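Structure first, commentary second.
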Number of protein chains: 2
Amino acid sequence: MTLAYPLSDPRTAPPAAALTEAFERLGVRMAYARDEEIYAQDDEAELLYRVVRGVIRTSRVTADGRRQVGDFYYVGDVFGLEPGPDHRFAAEALTECEVQVVRRASMRAVAGDAEVDRAILAATQREMERLQDHVLMLGRKSARERVASFLMSLAGGHEGQVDLPMGRQDMADYLGLTIETVSRMLTQLQGEQIVEFPSSRRFQVRKWTALEALAE
Amino acid sequence: MTLAYPLSDPRTAPPAAALTEAFERLGVRMAYARDEEIYAQDDEAELLYRVVRGVIRTSRVTADGRRQVGDFYYVGDVFGLEPGPDHRFAAEALTECEVQVVRRASMRAVAGDAEVDRAILAATQREMERLQDHVLMLGRKSARERVASFLMSLAGGHEGQVDLPMGRQDMADYLGLTIETVSRMLTQLQGEQIVEFPSSRRFQVRKWTALEALAE
DNA sequence: CGAGGGATTGATACGTCTCAAAGCATGTGG
DNA sequence: CCACATGCTTTGAGACGTATCAATCCCTCG
């Protein structure tokens with residue numbers, strides 16, 4: 001059997017129904033408590049994961065203690081896909097959560113289905129897109145712009161109040177800033193009525209155009 | 001026919017002979033002059049490229065003129081693989097160069113060969129690895145460390161003199177710094193005898209351990 | 001030999017980090 | 001129900017690193 005669309009675009013390709021099905025069929029369901037480690041950095045990357053409930057954070061800590069958050073994964077997202085044989089980033093449960101886990105080897109067993117394979121390529125490409133955005137942000141944006149971009153991506157056009165699942169330290173480590181700088185930028189944006197924080201873990205966008213302009 | 005290794009590790013998998021062959025068989029050979037554009041940002045990503053001679057640079061310019069260099073590609077590297085339907089980064093010839101080009105559609109025609117498909121996944125994963133390293137660098141390293149990392153990756157253990165194919169501006173835009181800061185860091189590293197520049201486009205590592213320590 | 005473009009150096013401004021303290025929630029035991 | 005401890009967030013003052021602007025240098029090429 002040949003692969004019909006080995007280079008298909010993940011956004012025009014049919015949704016990754018095959019992956020979802022593989023997870024449902026082969027996946028073991030696991031629950032993790034807040035801050036529990038799902039896999040460690042430099043662990044062998046033998047499993048594939050899919051978020052069912054809660055939020056996941058990937059991060060890497062350097063020898064001298066600096067920490068970089070790779071990304072945050074929400075319900076439906078696949079994570080654990082790494083370029084090499086082992087994980088360069090660790091994964092932890094940001095909130096209490098539930099994930100489906102599949103052995104890569106098991107995945108192989110059903111991979112005769114070209115659709116599964118395409119879905120994995122698609123997931124890898126989505127991962128790449130996140131990484132590209134991250135590079136653009138870290139390379140060229142100011143603290144103010146980074147924080148604005150982050151809020152923008154969380155709100156994603158949603159008009160009402162949005163939940164902020166992560167603390168300031170996680171935001172800082174994702175954005176390549178310190179916790180104090182993040183806090184100051186949030187205060188600043190709030191002072192300009194661009195965004196409003198009823199509590200530190202909940203916000204609402206007030207001036208979309210202003211936020212968008214900052215996020216670029 | 002099933003895919004034997006849909007999730008195989010690109011580093012343990014057999015070299016991408018299938019891709020190479022596909023490029024040789026189907027690829028059109030193109031030559032570009034220094035600074036010539038190969039594709040523009042937001043162009044449709046319909047072609048796949050492989051460097052035969054010279055060096056390629058990918059970059060993205062934001063609305064207000066800030067520029068981020070995505071990466072540099074050397075002989076044998078595949079570029080043009082993007083997550084979406086169009087290029088988020090433009091590609092330009094850094095030096096005079098030659099590349100092989102293949103239509104994605106043509107690639108599809110020979111994709112019945114599972115090996116070709118695996119090779120594309122492998123290339124995508126290599127791309128992802130570069131991006132992860134880039135994020136780590138931009139997020140948490142100082143100017144000094146960034147420049148050291150860059151020289152380290154260029155030298156790659158090579159004892160003799162190494163050619164620097166790009167100018168200071170390109171280095172700066174890759175490292176998320178200004179040209180002046182890059183220049184100062186180079187002068188500094190040279191002052192400490194860690195590295196030596198016989199000319200501005202040629203260098204030699206003098207103290208590997210010191211450079212490695214900085215590069216992390 | 002002179003012109004032009006890239007690279008370096010210098011002086012200063014600005015943004016972000018650092019260190020320290022205070023504020024504000026949340027939960028616990030009295 | 002209050003008092004207090006704890007952890008996270010905010011605020012402040014000052015130090016530090018990188019950017020900015022401007023001038024000079026140097027190499028290459030005509």
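No hydrogens, no waters, no symmetry mates; every other heavy atom, side chains included, goes into these values. Quick note on labels: first sequence line is chain A, next is B, and so on, each numbered from 1. Worth saying up front: this structure is predicted, and the values here are computed from it rather than measured.
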| message | Holding to side-chain contact (heavy atoms from CB on, under 4.5 Å), I want the full list of residues that pass it with B:Ala155, two or more places apart in sequence or in another chain. | response | B:Val162, B:Phe203, B:Val205, B:Trp208

| note | When rounded to whole Å, the CD to C1' distance for the pair A:Gln188 and D:dT10 reads 14 Å

Please list, pair by pair, any protein nitrogen or oxygen found under 3.5 Å from a nitrogen or oxygen in nucleotides 28-30 of chain D.
none

| Side-chain (B:Arg104) to main-chain (B:Ala45) donor-acceptor, under 3.5 angstrom | yes

| Base, sugar-phosphate, or nothing for B:Thr187, non-hydrogen atoms under 4.0 angstrom? | sugar-phosphate

| said: Tell me whether A:Thr124 contacts the main-chain N or O of A:Ile120 through its side chain, where contact means a donor paired with an acceptor under 3.5 Å. | reply: yes

| remark: The side chain to side chain contact (heavy atoms under 4.5 Å, CB included) partner of A:Gln68 among B:Lys141, B:Arg140, B:Met137 is B:Arg140

| query | A:Gln169 CD to D:dT10 C1': how many Å, rounded? | reply | 14 Å

| task | Return yes if a side-chain donor-acceptor contact under 3.5 Å exists between A:Gln100 and A:Arg50, otherwise no. | result | yes

| task | Report the relative orientation of the aromatic rings in A:Tyr39 and A:His87; use parallel for angles under 30°, tilted for 30 to 60°, perpendicular for over 60°. | result | parallel

| With a 4.0 Å cut-off on heavy atoms, is B:Arg201 in touch with a base, just the backbone sugar-phosphate, or nothing at all? | sugar-phosphate

| request: For B:Met185 and D:dG17, give me the distance from atom CE to atom P, rounded to whole Å. | output: 9 Å

| query | How close or far is atom P of D:dC16 from atom CZ of B:Arg184, stated in whole angstroms? | reply | 18 Å

| said: Without decimals, in angstroms, what is the distance between A:Ile179 CD1 and D:dC8 P? | reply: 9 Å

| Enclosure of B:Arg201 CZ (heavy-atom neighbours >12, cutoff 6.0 Å) | yes

| request: Whole angstrom is fine here: how far is it from CD in A:Gln190 over to P in D:dT11? | output: 9 Å

| side-chain N/O A:Arg168 vs D:dT10 OP1/OP2, d < 4.0 Å | yes

| request: Kindly check if the number of other-residue, nucleotide or ligand heavy atoms within 6.0 Å of CD (B:Gln169) is above 12? | output: yes

| message | Output the rounded distance in Å from CZ (A:Arg202) to C1' (D:dC8). | response | 18 Å

| field | Side chain of A:Glu180 - closest among D:dC21, D:dT9, D:dT11 | value | D:dT11

| field | Range on DNA chain C touched by chain A - first to last nucleotide, heavy-atom distance under 4.0 Å | value | C:dT16 to C:dC19

| Distance-only polar pair, side chains of B:Glu216 and B:Ser149, donor-acceptor under 3.5 Å | no

